[in-house]
Amino acid sequence: MADTAKRQIDHKKMRILVGLIALLLPVLARGLAGDRLPDLTSISISYWTPSRDVFVGALFAIGFFLSAYNGNGERRDLEFWVSKFACVFALFIALFPTEGFEDGGPYEPAPWIAWISKSVGLTADRIHAINAVLFFACLIVLIFHFAKRARSKRKIGRARAYLAIGGAMILGILVGGVAKGFLGVEDATYYLEWWVLWLFAGGWILAGAYKTEPDPESPPAPAEPPTPR
């Protein structure tokens, strides 16, 4: 039996929806942070601000859309599996919060989250960080997969656009890592997350907005036999 993955929802509309959510997440997290806006050092720390519900809800929405996303629907390929792993990582990011603000306050995770963290020997913040890295890695892999598919369809311009987006995501992560780890820029993580999410959003909106054309590598569909009279 062929290892296929049927499309349950229009994959191009799903790409646009995922892109729009990723585009709006940092904007809403910032806009609804309230009195904590000047203290935001990352989008993740908005978990401890009035924008918590938006932050968690957006990640759950992205996660479930990625879970339902089956790529081109022909088989369970790299795109299929990476989107499923990205779903899990997004949910873990939402459920296991990063550390709270340094000025004190009720910044302890829920008891059940603390219990799970203790059971695996990691803090909630460390689980959050690990899954954030893996999630961003999945996003980059998906963008490069779009480039590969566009090239196979001889859409060189679109392939180059995806490659540029993926390269800019990697460059942003490297610059943000240097700024945070070596230069001590406190807001580096915040702008890094914003940069990667917006690039990812642009790539997915582009992947959902182009006009579908026949795949030049696909053989023509066989003609249906005439209906007997």
Side-chain angles (χ1 to χ4, degrees), residues 9-33 40 42-47 51-72 78-80 82-94 98 128 131-150 155 157-177 187-212:
I9 307 174
D10 187 300
H11 67 295
K12 295 180 68 176
K13 291 180 180 178
M14 192 179 299
R15 289 172 182 170
I16 293 176
L17 286 173
V18 170
L20 289 175
I21 296 171
L23 190 70
L24 292 174
L25 171 56
V27 177
L28 294 177
R30 178 181 177 86
L32 300 176
L40 288 182
S42 69
I43 296 175
S44 296
I45 206 171
S46 64
Y47 182 97
S51 59
R52 171 179 176 174
D53 290 345
V54 170
F55 173 74
V56 173
L59 284 171
F60 264 76
I62 290 174
F64 283 121
F65 274 123
L66 288 173
S67 175
Y69 180 72
N70 290 332
N72 62 10
L78 177 68
E79 187 177 15
F80 175 91
V82 171
S83 63
K84 301 302 178 283
F85 282 114
C87 163
V88 175
F89 300 144
L91 298 183
F92 272 74
I93 293 171
T98 188
H128 178 95
N131 282 276
V133 170
L134 294 173
F135 179 68
F136 282 154
C138 287
L139 301 189
I140 293 171
V141 169
L142 288 170
I143 291 294
F144 280 119
H145 189 79
F146 288 166
K148 179 181 178 182
R149 177 175 297 155
K155 301 300 179 182
R158 195 161 71 233
R160 288 175 178 172
Y162 293 135
L163 289 174
I165 290 171
M169 292 170 75
I170 294 175
L171 179 61
I173 291 174
L174 294 175
V175 171
D187 296 339
T189 302
Y190 175 75
Y191 292 109
L192 160 64
E193 292 173 341
W194 194 310
W195 175 262
V196 173
L197 283 173
W198 270 26
L199 286 170
F200 167 74
W204 274 59
I205 291 174
L206 173 63
Y210 70 86
K211 183 178 179 180
T212 302

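Only heavy atoms go into these numbers, but all of them, side chains included; no hydrogens, no water, no symmetry mates.
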Colleague: Roughly how far, to the nearest 0.5 Å, is CZ of Phe65 from CG of Leu20?
Modeller: 10.0 Å
Colleague: Is there a donor-acceptor contact under 3.5 Å from the side chain of Ser67 to the main chain of Gly63?
Modeller: no
Colleague: So, for Ala201 and Gly19, which heavy atoms are closest and what is the spacing to 0.1 Å?
Modeller: CB-O, 3.1 Å
Colleague: Ring centres of Trp195 and Tyr191 under 6.0 Å apart?
Modeller: no
Colleague: Under a 4.5 Å cut-off applied to non-hydrogen side-chain atoms, are Tyr47 and Leu59 in contact?
Modeller: no
Colleague: Looking at every heavy atom in both Ile165 and Gly203, which two are closest together, and how far apart are they?
Modeller: CD1-CA, 3.6 Å
Colleague: Less than 4.5 Å apart, any side-chain heavy atom of Glu193 and any of Ser44?
Modeller: yes
Colleague: Is Phe89 close to Val133 at the side-chain level, that is, under 4.5 Å between some pair of heavy atoms?
Modeller: no
Colleague: Please test Tyr162 against Arg149 for side-chain hydrogen bond (donor to acceptor under 3.5 Å, both in side chains), starting from the C-alpha separation and ending with a verdict.
Modeller: CA-CA 10 Å; Tyr162 293 135; Arg149 177 175 297 155; over 6 Å; no
Colleague: Quick check: closest heavy atoms across Ala188 and Gly176, and the distance to 0.1 Å?
Modeller: CB-O, 3.8 Å
Colleague: Should the heavy atoms of other residues, nucleotides or ligands under 6.0 Å from CZ of Phe144 be counted, would the total exceed 12?
Modeller: yes
Colleague: I'd like to know whether Ile45 forms a side chain to side chain contact (heavy atoms under 4.5 Å, CB included) with Phe55, so could you lay out the CA-CA distance, the side-chain angles of the two residues, the decisive distance to 0.1 Å, and finally the verdict.
Modeller: CA-CA 9 Å; Ile45 206 171; Phe55 173 74; over 6 Å; no
Colleague: Quick one: does any side-chain atom of Arg15 pair with a main-chain N or O of Ala207 as donor and acceptor, under 3.5 Å?
Modeller: yes
Colleague: Measure from NZ or CZ of Lys84 to the centre of the six-membered ring of Phe80 and say whether it is under 6.0 Å with the direction within 45° of the ring axis.
Modeller: yes
Colleague: Would you say the side chain of Ile173 lies within less than 4.5 Å of the side chain of Ile140, judging by non-hydrogen atoms?
Modeller: yes
Colleague: Quick check for you: to the nearest 0.5 Å, what is the distance between Trp204 atom CH2 and Phe146 atom CZ?
Modeller: 4.5 Å
Colleague: Flag yes if more than 12 heavy atoms outside Phe85 fall under 6.0 Å of its CZ atom; otherwise flag no.
Modeller: no
Colleague: How long is the straight-line distance from CG of Leu78 back to NE2 of His145, given to the nearest 0.5 Å?
Modeller: 5.5 Å
